[in-house]
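Structure, as structure tokens:
Computed from heavy atoms alone, side chains included, the values below leave out hydrogens, waters and symmetry copies. Just so it is clear: chains get the letters A, B, ... in the order the sequence lines come, proteins before strands, and each one is counted from 1.
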Amino acid sequence: SSLVDIGNQHIRLTFDTNGFLASVDAEGVTHMISQEFLYYEAATGNNKIYANRSSGAYIFRPKTDAVRTVAVAPEITVYRGELVEEVHQKFNEWISQVVRVYKESRHAEFEWMVGPIPVEDNIGKEIITRFSSDIKSEGIFYTDSNGREMIKRLKDHRDTWRVKLLEHTAGNYYPVTTKIALEDEHTRMAILTDRAQGGSSLSDGALELMIHRRLLHDDAFGVDESLNETAFGQGLVARGTHYLIVGPSQLDQSPTTQSLERFTQLEKTLAPWRFFSETNYSYSEWS
Amino acid sequence: LPHLNFMRETMGVMQHHDAVTGTEKQKVAYDYARHLSVGMRTCEANSRSVLNILTEGESPRDKRYGKPRPVKFEFKTCSLLNISMCDVSEQSEQFTLTLYNPLGHSVNDYVRVPVADVNYEVKDYKDVVLDIQYVPVPEAVQLLKFRKSLAKYELIFYVRDIPAFGYKSFYIKKTDGHHMKPQPDPDNM
């Protein structure tokens with residue numbers, strides 16, 4: 001009972017004794033996949049020269065490529081029922097998440113909530129979620145182009161010129177409108193987003209997405225304000241969902257995973273609209 | 001048409017590069033939010049009107065009485081469902097939920113409805129009582145300072161085959177029976 005697992009006949013997620021995702025069973029095959037929240041400390045400077053540019057609304061510019069962890073052992077609570085199984089994770093006072101698998105689904109949902117990001121230490125922070133797997137992606141990953149075709153990205157590379165990146169992290173970030181994915185000859189892992197985010201794969205098998213940022217300096221590209229939005233006297237709270245899909249890769253001659261991603265993407269971005277009506281009618285009158 | 005045009009114009013404004021990337025000034029961000037909020041409300045009026053026309057259609061009984069059935073529903077959208085808030089579902093003894101599928105193929109959907117207690121019954125239009133499950137609204141969400149809500153739970157049910165460009169409605173009612181509040185799995189504490 002020291003390990004927690006949730007899932008159904010298609011997909012099963014196992015959490016380690018510290019409360020982090022440890023592996024995903026998809027269609028009978030086990031993949032080592034972990035997920036955690038991390039943050040980059042924002043660069044600050046006087047904006048006089050490029051080297052002194054601050055991270056701001058226009059540019060993501062971490063002070064170093066190193067990431068900071070937010071928790072070593074999130075508190076978890078598990079709820080099980082006939083329709084859904086959920087793990088509620090609390091990482092700290094400002095990051096929490098619900099991981100769920102519905103009985104009939106082939107994907108897992110990660111509903112994250114981040115904020116208000118603390119800045120009492122006068123350090124801007126850019127929060128990411130990172131999924132790390134044993135997939136040997138060799139620096140290649142794919143991001144979508146406004147929800148349509150997928151564009152191949154190779155780490156530290158540009159197709160039309162020789163690039164030498166001085167900012168290894170930011171230089172490998174790409175826009176993600178709905179999907180980021182990677183694969184090797186056996187396995188494919190994709191994350192669908194519910195909004196446009198920045199994303200990357202900075203090491204083999206890993207996908208990361210930036211989910212929230214709070215910065216204390218302007219980057220001098222025009223807005224002339226720091227990206228430090230507040231409401232009710234505190235920093236903003238962001239809540240959203242990622243959908244994780246794992247399965248056999250395209251190279252395995254199986255189109256199933258990508259078609260599943262496509263259907264899920266459509267069904268999540270154009271989900272059924274909900275209309276609520278108070279009524280005094282009895283059921284039979286309403287019927 | 002003016003309702004739709006307001007949203008059309010707003011979507012035009014939203015294509016400015018500052019709106020796409022989030023590089024607008026804070027006061028402009030507030031104005032974008034205001035425009036989108038008003039645009040959603042104006043379009044809500046259109047969908048309410050259309051759905052009332054669709055659901056009012058003359059039934060045989062109406063023809064017998066020679067007049068259309070005077071049923072009007074509110075068809076409210078709850079824009080704060082992402083933090084498990086909805087006035088109608090939290091405060092009503094009985095309410096209906098209509099799901100409209102904007103896709104060109106039928107879909108299944110797990111519906112989550114914020115509720116204050118765990119004593120509800122959900123019926124579809126065929127008088128079938130659906131299987132339901134409750135899960136607690138996560139503690140961190142309940143503690144959000146700006147969230148003013150009675151909802152401590154989410155009522156979940158599964159809807160099959162919402163037709164393409166079509167809808168299904170459900171009747172949700174509080175019952176007298178007592179249900180078990182969702183308890184954490186004791187083996188995984």
Answer yes or no: does atom [atom1] of [X] have more than 12 heavy-atom neighbours from other residues, nucleotides or ligands under 6.0 Å?
X	atom1	answer
B:Lys181	NZ	no
A:Glu82	CD	no
A:Asn280	CG	no

Contact origin within [X] toward chain A - heavy atom pairs under 4.5 Å:
X	value
B:Phe170	backbone
B:Leu97	both
B:Leu81	side chain
B:Lys126	backbone
B:Val111	both
B:Gln183	backbone
B:Ser169	both
B:Ile172	neither

Where along residues 227-237 of chain A does a heavy atom come under 4.5 Å of chain B, listed by residue number?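 Within residues 227-237 of chain A, the residues that come under 4.5 Å of chain B (heavy atoms only) are A:Leu227, A:Glu229, A:Thr230, A:Phe232, A:Gln234, A:Val237.
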If you tally heavy-atom pairs under 4.5 Å against chain A, which of B:Val141, B:Val20, B:Val113 wins?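 Ranked by contacts with chain A, first place is B:Val141.
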Which one of B:Leu51, B:Val159, B:Thr21, B:Ile162 has the most heavy-atom pairs closer than 4.5 Å to chain A?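 Most pairs with chain A among the choices: B:Leu51.
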Between the main-chain N or O of [Y] and the side-chain N or O of [X], is there a donor-acceptor pair closer than 3.5 Å?
X	Y	answer
A:Arg239	B:Asn82	yes
B:Gln26	A:Glu225	no
B:Tyr110	A:Glu104	yes
B:Gln133	A:Val84	yes

Over all heavy atoms of both residues, which pair between [X] and [Y] is shortest? Give the atoms and the distance, please.
X	Y	answer
A:Ala57	B:Gly22	CB-O, 4.2 Å
A:Ser277	B:Phe75	OG-N, 2.9 Å
A:Pro272	B:Val107	CG-CG2, 4.0 Å
A:Leu266	B:Leu103	O-CD1, 3.9 Å

Give the intermediate values and the outcome of side chain to side chain contact (heavy atoms under 4.5 Å, CB included) for residues A:Phe276 and B:Ser92. CA-CA 10 Å; A:Phe276 292 83; B:Ser92 309; over 6 Å; no
For the residue pair [X] and [Y], establish whether any side-chain heavy-atom pair is separated by less than 4.5 Å.
X	Y	value
B:Asn108	A:Glu267	no
A:Phe275	B:Thr77	yes
A:Tyr79	B:Pro136	yes
A:Trp273	B:Asn101	no
A:Trp286	B:Thr96	yes

Please classify the contact of A:Ala271 with chain B as side chain, backbone, both or neither, using a heavy-atom distance under 4.5 Å.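 When you check distances to chain B, only backbone atoms of A:Ala271 fall under 4.5 Å.
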Face-on cation placement of B:Lys123 at A:Tyr283 ring, 6.0 Å and 45° thresholds: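 Yes, a cation-pi geometry holds between B:Lys123 and A:Tyr283.
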Geometric class of the B:His105/A:Phe263 ring pair [parallel <30°, tilted 30-60°, perpendicular >60°]: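 Plane angle over 60°, so perpendicular.
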Do the side chains of A:Glu278 and B:Lys76 get close enough for a salt bridge, i.e. N-O under 4.0 angstrom?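 No, no charged N to carboxylate O under 4.0 Å.
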State plainly whether the residues B:Asp109 and A:Arg274 are in salt-bridge range, i.e. N to O under 4.0 Å.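 A:Arg274 and B:Asp109: salt-bridged.
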